Amino acid sequence: MAAAFVGGALLGAVFGELLKAVEEVITKAVEFKPLLNQLKSTLNQITPIFEDIEKLNRVLDRPNSETEMFTDKLKEGKRLVLKCAGVRWWNLYAKPLHAKRLIAFDNSLVRFFQIDVTPQTSRDSKKILETVNRIDGKVERIGTMVGGGVCDNNGFVGCCLVPRVRGFVVGLEEPVREVKVMVVSGGEQVVIVSAPGGCGKTTLAKMVCHDEEIRASSSRADDPCTCPPRARRPSPPSLQPPATLLRPPQPPATFLRPTQPPATLAAGHLASGNPRRLPQSPASSPHIAWSAPYSMLLYVGYSLFGFYTSDLGSCWIFKDNIFFVTAPKAPNLKVVIESLFEHRGFQVPGFQTDEEAIYQLEHMLKQFGPYPILLVLDDVWSGWDSLIEDLATHIPEIKILVTSRFVFPRFESTYRLKLLSDKDAMALFRHSAFPQDGRSSVPDDLVHKIVRRCGGFPLALEVVGRSLRGQPKEIWQQTLKQWSEEKSLFSSDSNKEILICLLSSVNSLDAMYKECFLDLASFPEDRRIPAMALIDMWVGLYNLDDDEMAIAILHALSMRSLVDHVVIRKDASEISGYYNVDFATQHYLLRELAIHQCSQELIEKRKRLIIEIEGNDFPRWWIEQGQHSICPRLVSISTDERFSSNWHDMHLPEAEVLVLNIQTRNYTLPQFMEKMDQLKVLIITTYGISSSEIQNIPLLGYLSSLKRIRFELVFISSISDSILKLRNLQKISFIMCEISEAFRKCTIQIPDMLPYLSEIVIDYCNDLVEFPACLCEIRSLKELSITNCHKLVTIAEEFEKLENLKVLRLHACTKLLELPETIGSLKKLDFLDISDCRGMIKLPGEMGDLCGLRKIHMTGCWGLSELPLSVKGLEKLKSVTCDEETACLWQDYEDYLDDLEIHVHKEDVNLDWLHDN
């Protein structure tokens, strides 16, 4: 056993010497044989533990000082054993003395592992746990920064992972089987799933991708779903992943080991990425194999990418090598390929052409060895067919599954998804309308009429079912009557039925809720809508008293299935009323419905103006409108990456909210903004990989009524005096922006220029290292949120000037070491959030001077080992939310804080949204 220790390890060497001495002395000192056998048994039992200790000490680079005490004890034991060898049988005095010492030494070994090792093990375990949690937190934040991705089985940050299939699904068993055969077979490289909107194309694609046989490492030859009918082939060897990197798998037993590879596995053939089934030699036995390098290559091909082909036919098996991308409406292959690079964790190159993007993708994929991959392009619009064909032509090992409302004649392998049968439609509707058991007091004939009017469209069935859930029979009858009186608004018959059904749900809303539903169309299709952006918009348009009213509206719309409200961190909203991590998503069909409703009036009379510009192709009415005024309250302008910022003029004297959705890296604000005298809310969001630099910022100085500004993923090079002239500005938000340089250049005195600015939000601005001292001059500031700024290290001592500050959030500023000592001057501070400030090592000594502080949220503050004595003076402190370790620190002060309640919080993070986009 001692030989198992690695040479040179001090503790292991001494332990081995002791064990060897015991084994030698047993044969010489017969008088001590029972005691030495017992000692040997003890040593043999703890030998594996010593081996693990030695290995882990080397891996963790632990100092020898931690084991010196026991090393000395082992040396002492060796000397004792050797002395026993010299004791003669007639020495009646030495025999019992040495026997007593052997028993004591044996007991000391047992005591060491029962008592001394336990605290060290506990300490090491906590250190490992701390390191794992810290790494996990960083991975989670990185995933959020790249679009909320998580890690797949290969360890890659996944922005193109296949979304989870959620909800009640019926009627797709047969379509899944048929599409699976089309995808897995070696036939057409591009498979199209075509159907009108709302039929379940995306759900079908998700189910195909999650199918076990699609992802399997091997397939059954007799299964028609995994092998094309024209080709039956033997199953490839079933290979399991290696247990460790030091123990690669043995080559399959079904292969021999010739010294040279066959011609079909020549270097050139392998480099082409087309490994074929290994041919057997005519004279060989059934057992044929390749030398180690080739067997390992086959292992990589089978295990990592699951690609298997035969000379008779091919069967595509993808395992985890599946990517799911929602295609942009305007054909743009570069955007798709950028997403694949981001998913694989590569730096995204700046592609100039589609051809260059395809070449770079092919080069990137070859670095992972043989493949194919399955690429799902979801919701593809007209005009994409030529780009898809180019991609398939240049990369023959890629399989492309396309879902679209359109049919592309150039691709022969097209599956037309049918509407639900009457039986399946009824099952889906009953699940939505009567979720308990599918039964209700509503007459069956009325239910059948409603279901028939939904036309078999899954989305319509779900939305209408939920809108009628719990309603009396009279409401059902009135709904059916309204449908009968409606006129067709969509051009196609299929969309006609969807529109009629969905309008009933929208028209049943209260007036303001209906207006808010229509406002959701201001944001791009298939994009997450930040809840804070909706709050800013609705507070500006409808004069809401607080943010909670806007969230209540969002929740109400979510309950009607008109939007999905996703809450990632429940504690953020429940404890502090902070909604910056919440967002909404909306099905494209519902967005189209809102746009359709907004466009029913003449341009001059519309309340909302939703404009989407492709390239520089402006709507004709805009060009012809000239200097004539149009009077919408809400204006949304979406441009793509081809937009050149050459604006036509437009007069919008009554616009109160302007939403600019941009994709270009350089964006110039339109000059007509300077005439928008009534503008209250400005929302500028970049939808792309990198931030967009905003030009013409001085225009903002003309917007005297502006109250709220929200920048997301933009670069602001300087804070000009134009922004500082906005005397009515109440809130400004910077989300994932580059602002450090702008604030560093800011030298203008602020107090007299922003007298009503009460809230600043800075979130995920990772270039912010120090909180700008110039912002400390804003005496009117009441709420300051600096969250997820992972490079923020210090906060200026001038912080004490924010004398009216009531809410301070510093969540997840992981490198922030401490709060400024002058924080005690903030007498009006009511709520403090320092949760997940994992680098914070102490709280300021003046903490007790925060005489107005009522709530503290400080989960995840692992660096804190003590609280300042001054916390005894926090007389108004009512609630502290923290983890167990920090709770122990506060318990020592409960006698001084009569009303204090300590809440040990287990973080509730919702990750389901990662699978729903």
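Model, not experiment: these values are computed from the prediction. Nothing fancy with the numbering, it's 1 onward along the sequence.
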Electrostatic pair R710:E712 at N-O distance under 4.0 angstrom: yes
Using atom types as modelled and distance alone, determine if a side-chain donor or acceptor of S645 lies under 3.5 Å from a backbone N or O of T668. yes
With a 4.5 Å cut-off on side-chain heavy atoms, are K731 and V761 touching? yes
Just by modelled atom types, is the H811 backbone N or O under 3.5 Å from a matching donor or acceptor in the D836 side chain? no
Of K680, R708, K707, the residue whose pairing with D536 passes side chain to side chain donor-acceptor pair (under 3.5 Å): R708
Any side-chain heavy-atom pair from I529 and L534 closer than 4.5 angstrom? yes
Go through it in stages, so that I can follow the logic: the residues are E624 and R620, the test is side-chain contact (heavy atoms from CB on, under 4.5 Å), and I'd like the CA-CA distance, side-chain angles, deciding distance and then a yes or no. CA-CA 6 Å; E624 295 175 350; R620 178 177 297 180; 3.2 Å; yes
Is there side-chain contact between I795 and I823, with at least one heavy-atom pair below 4.5 Å? no
Can you tell me how far CG of L757 sits from CZ of R779, rounded to the nearest 0.5 angstrom? 14.0 Å
Any salt bridge linking E803 with K828? Criterion: basic side-chain nitrogen under 4.0 Å from a carboxylate oxygen. no
Is the backbone of C160 close enough, under 3.5 Å, to the side chain of H343 for a donor and an acceptor to pair up by distance? yes
Kindly compute the distance separating CD1 (I595) from CG (L518), expressed to the nearest 0.5 Å. 10.5 Å
Residue pair R665, S690: steps toward the side chain to side chain donor-acceptor pair (under 3.5 Å) verdict: CA-CA 7 Å; R665 296 193 176 184; S690 57; 3.3 Å; yes
Going by side chain to side chain contact (heavy atoms under 4.5 Å, CB included), I778 matches just one of L784, I760, L805, N804. Which one? I760
Under 3.5 Å, is there a donor-acceptor pair between the side chain of T822 and the main chain of E797? yes
Between R633 and L541, is there a donor-acceptor pair closer than 3.5 Å when you use the side chain of the first and the backbone of the second? yes
Check ion pair D830-K806 (N to O, under 4.0 angstrom): no
Check ion pair E783-R809 (N to O, under 4.0 angstrom): yes
F351 and F341: CA distance, side-chain angles, deciding distance, ring-ring contact (aromatic ring centres under 6.0 Å, His included) verdict: CA-CA 12 Å; F351 303 126; F341 270 79; 5.7 Å; yes
Below 4.0 angstrom, N of the basic side chain to O of the carboxylate: do K791 and D767 qualify? no
Check this for me, if you would: do R606 and E601 make a salt bridge, where the nitrogen-to-carboxylate-oxygen distance has to be below 4.0 angstrom? no
S558 side chain vs D564 backbone, donor-acceptor pair below 3.5 Å: no
Candidate pair D763 and T787, rule side chain to side chain donor-acceptor pair (under 3.5 Å), full reasoning: CA-CA 5 Å; D763 188 33; T787 55; 2.6 Å; yes
Has R838 got a side-chain atom pairing as donor or acceptor with C813's backbone, closer than 3.5 angstrom? no
Hey, does the side chain of D379 reach the backbone of P328 with a donor-acceptor pair shorter than 3.5 angstrom? no
Does a side-chain heavy-atom distance below 4.5 Å link S780 with S758? no
Could you give the distance from CD (Q586) to CG (L520), rounded to the nearest 0.5 Å? 5.0 Å
Kindly say whether G615 contributes a backbone atom to a donor-acceptor pair with the side chain of D640 at under 3.5 angstrom? yes
Could you tell me whether K675 and D649 have a side-chain N and a carboxylate O separated by less than 4.0 Å? yes
Regarding K607 and E515, does a basic nitrogen lie under 4.0 Å from an acidic carboxylate oxygen? yes
